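This report concerns only the one structure given below.
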Amino acid sequence: MAFDGIVTCAVAQELKNTLLMGKIEKIYQPESDELVFHIHTKKGNRRLYASASSNHARIHLIEENPPNPPAPLPFCMFLRKHLQGGRITDIAQKDCERIIEFQLETIDELGFSVNKKLIFEIMGKHSNIILIDLSTGKIMDSIKRVSIDVNRARQILPGKLYEYPPLQNKIPFKEITPGQAASLDKDPKSLLASIGGISPAAAQFLADGPDLYTRLNEIKEALNQGRLTPVVYLKEDKSPGDFHVIPLSLYPESLNFDTVSQALDYYFVHKQSSNRVKQKAADLEKTLNAALDKLYLKRQRLGEDLIKAENSDKYRLYGELLTANIHLIRPGADAVTVTNYYDGSQVDIPLDPKYAPPKNAQRYFKKYGKAKTAVKEKKVQMEETDQEIAYLESVAAFLENALTVEEVDSIREELVESGILRKRKTSGAPKKKGKAQPFQYITEDGFRVLAGHNNKENDLLTFKMAGPKDYWFHTKDIPGSHVIVFTDDRLLTEEAIFDAAAIAAYHSKGRASENVPVDYTQVRYVKKPAGAKPGMVIFTHNRTVYVTPKVPQSSESSSR
């Protein structure tokens, strides 16, 4: 992550241009290490977000409010007391460090003007947000208190004099001279160890240039003139890999933004969303895998029992042969050899010496009857187990492809309603949850296509939203989404068929495969059996096409 001194400088300039002389109207603390300030400026109301998280520390403007706890946290109440109604008189970066300082003019309880400084330290696990009384230079409080037990060199506690983090004996990137630049080794590691305010990615950028000082000077001039382009760099899977205001050559794709705040907001929202999705899905994945393992074992044992039960014809034969040869059996015998009148072969029949010969024959007929009943029961159990496996495998496929917390929450809700998960006990008022909406696409020739995020949404699409003349698509024998093509009384084209089939393959467990078989038919021929699990259907009049999974890149507009 490249929140280095260069990015910090660009952020400080943007905040100064936007928030200078703004009035702090409201303060919120969504999490223990996050703050949101509502600031009224001449250009309108702005929201400033700051985080002291060890993994995602940053400061930038945002558009939407994060959810807040029911009751404000202590540090939030403290800031409201001292800063609410205050005016921002200056915003600046500390040298080339990852530190941004807000000078604030506030009014105390007696009506006197008081100057304070709010310092945002964006320094990885040492990140902090600290309020200082400018008249004394002492710390009033901080979002993270650091005692001597945690850090012997630098404590952050109320009443102590504020001290900046220790210097690292590097040359600040803004102050480097041509002579100093010429004396430096252009290896990225050496540059990182010698120049203050740059990240590993920036060091690589500087090392790749023809002249170190020229590149540094270009960065300084672009910062001073506000000409840098904020960019989020994407990995091959389209997830954010890094961000910066200078070109990086480490990633295949990038997204340009108008402001640094927009770039930072996009990067962290999508990065955190990905991490949160993994965290949210972990326990569900564990539960699903455990349930599927039990079902796989149950199916194996049912199969073994079924084979035994289906081999029960010998019991009927033993009973018949014993009845026909009852006169040959000696009382108390433990076996008898008789002739099989069906094929003339000799058959050895085990006997229980405790029972008379007729009783032994009756016992074999009874075993045969039980086995036949067991065959019917085992087949029913096998069918039910196969349906359970198919259902849970479909849920697992949706969970594997889930991209948002809302999708994971909707899958959890489905599992609770299906009785597979217990409902979580929650204290206080229930939180309002955003609901995932179906994936939406437009085919090349203009047909509207919807795909479900989960089995409940599959049922909704197929049996509530689709009309009988619309078309239903689903991967053949592979768990995945129901995909509906809305025809609007138009004749479905071959191009639309292959587009929709590719979408169905993409939203399935076969996403990473090629030549995925996809069935399609009109919705009128899709039925839901009585008592079937969500998303489970039967269908007729279907055809099958083979496609490579993909979605129309220009038309995806899933609401999440």
Side-chain angles (χ1 to χ4, degrees), residues 3 7-53 56-93 99-108 111 113-120 122 129-131 140-141 143 226 228 230 232 243 245 256-270 272-273 431-432 434 559-560:
F3 206 118
V7 172
T8 305
C9 181
V11 170
Q13 288 182 351
E14 180 189 328
L15 297 183
K16 186 170 185 175
N17 293 337
T18 309
L19 302 179
L20 193 63
M21 300 312 296
K23 181 182 178 183
I24 298 175
E25 293 193 330
K26 295 178 182 177
I27 304 172
Y28 298 99
Q29 191 173 0
E31 299 289 346
S32 61
D33 54 9
E34 297 178 357
L35 291 172
V36 175
F37 299 84
H38 288 212
I39 302 169
H40 180 73
T41 73
K42 293 179 180 179
K43 299 177 183 178
N45 295 325
R46 296 287 186 268
R47 296 185 183 95
L48 176 67
Y49 173 89
S51 170
S53 162
H56 303 104
R58 76 267 196 193
I59 176 172
H60 56 85
L61 299 171
I62 59 173
E63 294 295 328
E64 296 184 4
N65 262 335
N68 289 302
L73 298 175
F75 188 64
C76 178
M77 295 294 289
F78 176 83
L79 290 184
R80 286 179 182 179
K81 176 183 176 182
H82 290 278
L83 299 185
Q84 207 151 283
R87 196 167 294 279
I88 301 168
T89 58
D90 192 21
I91 299 174
Q93 178 188 23
I99 298 174
I100 294 180
E101 301 178 338
F102 278 51
Q103 298 269 12
L104 301 159
E105 186 178 279
T106 64
I107 304 298
D108 66 13
S113 177
V114 179
N115 293 321
K116 298 183 176 73
K117 184 185 284 188
L118 189 61
I119 301 176
F120 301 89
I122 315 299
I129 302 172
I130 306 161
L131 183 64
M140 298 177 68
D141 208 346
I143 202 165
L228 290 172
V232 172
F243 63 88
V245 292
N256 291 356
F257 293 84
D258 294 332
T259 67
V260 187
S261 287
Q262 289 173 355
L264 292 173
D265 195 35
Y266 180 91
Y267 175 86
F268 284 106
V269 165
H270 286 76
Q272 281 184 300
S273 176
K431 293 181 180 179
K432 292 183 179 179
S559 300
R560 296 171 188 170

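These numbers were taken from a predicted model, which means no experiment stands behind them.
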Closer than 3.5 angstrom, by distance alone: can the side chain of Arg58 be matched with the main-chain N or O of His56 as a donor-acceptor pair?
yes
With a 4.5 Å heavy-atom cut-off, do Ile88 and Leu15 have their side chains touching?
no
When rounded to the nearest 0.5 Å, the distance separating CD of Glu25 from NE2 of His38 is 9.5 Å
Side-chain contact, heavy-atom cut-off 4.5 Å: Leu131 with Asp141?
no
Which residues pass the salt bridge (charged side-chain N to carboxylate O under 4.0 Å, His left out) test with Lys16, sequence neighbours left out?
Asp90
Between Phe78 and Phe75, how do the two ring planes meet: parallel, tilted or perpendicular, split at 30° and 60°?
parallel
For Ile59 and Val11, run side-chain contact (heavy atoms from CB on, under 4.5 Å): C-alpha distance rounded to whole Å, both residues' side-chain angles, the deciding distance at 0.1 Å, then the answer.
CA-CA 8 Å; Ile59 176 172; Val11 170; 4.2 Å; yes
Show the nearest heavy-atom pair for residues Val245 and Pro230, with the distance to one decimal.
CG1-CA, 4.2 Å
For His82 and Lys116, run side-chain contact (heavy atoms from CB on, under 4.5 Å): C-alpha distance rounded to whole Å, both residues' side-chain angles, the deciding distance at 0.1 Å, then the answer.
CA-CA 9 Å; His82 290 278; Lys116 298 183 176 73; 3.8 Å; yes
For Pro30 and Pro69, which heavy atoms make the closest approach, and how far apart are they?
O-CD, 3.6 Å
Does any part of the side chain of Gln29, heavy atoms only, come nearer than 4.5 Å to the side chain of Ile143, both counted from C-beta?
yes
Carboxylate-amine/guanidinium contact Glu101 Lys117, below 4.0 Å:
yes
Tell me yes or no: between the side chains of Glu14 and Ser261, is some donor less than 3.5 Å from an acceptor?
yes
Exam field: side chain Ser113 to backbone Ile107, donor-acceptor pair closer than 3.5 Å
no
Do the two ring centres, one from Phe37 and one from Tyr28, sit under 6.0 Å apart?
no
What is the distance from atom CD of Gln84 to atom CG of Leu79, rounded to the nearest 0.5 Å?
9.5 Å
Pairwise side-chain contact, Asn45 with Ile39, heavy-atom cut-off 4.5 Å (strictly under):
no
Rounded to the nearest 0.5 Å, what separates atom CZ in Phe3 from atom CZ in Phe268?
6.5 Å
Does any part of the side chain of Asn65, heavy atoms only, come nearer than 4.5 Å to the side chain of Arg47, both counted from C-beta?
yes
List the steps and the verdict of side-chain contact (heavy atoms from CB on, under 4.5 Å) for Ile99 and Thr8.
CA-CA 7 Å; Ile99 298 174; Thr8 305; over 6 Å; no
Pairwise distance CD1(Ile62) to CG(Leu264) - rounded to 0.5 angstrom:
12.0 Å
I need the Ile91 CD1 to Gln13 CD distance, nearest 0.5 Å.
11.5 Å
Among all residues two or more places apart in sequence or in another chain, which pass the side-chain contact (heavy atoms from CB on, under 4.5 Å) test with Gln262?
Phe257, Asp258, Thr259
If you take all heavy atoms of Ile122 and Ser51, which pair is closest and at what distance?
CD1-O, 4.4 Å
Pair Tyr266 + Phe243: ring centers closer than 6.0 Å
no
Excluding sequence neighbours, so at least two apart, what forms side-chain contact (heavy atoms from CB on, under 4.5 Å) with Lys43?
Thr41, Arg46
Could you check whether any side-chain heavy atom of Glu34 comes within less than 4.5 Å of a side-chain heavy atom of Ser53, counting everything from C-beta outward?
no
Taking the side chain as C-beta and beyond, is there a heavy-atom pair between Thr89 and Leu104 under 4.5 Å?
no
The reported gap from NZ in Lys23 to NZ in Lys42 (rounded to nearest 0.5 angstrom) is 14.5 Å
Side-chain heavy atoms of Asp265 within contact of His60, under 4.5 Å
yes
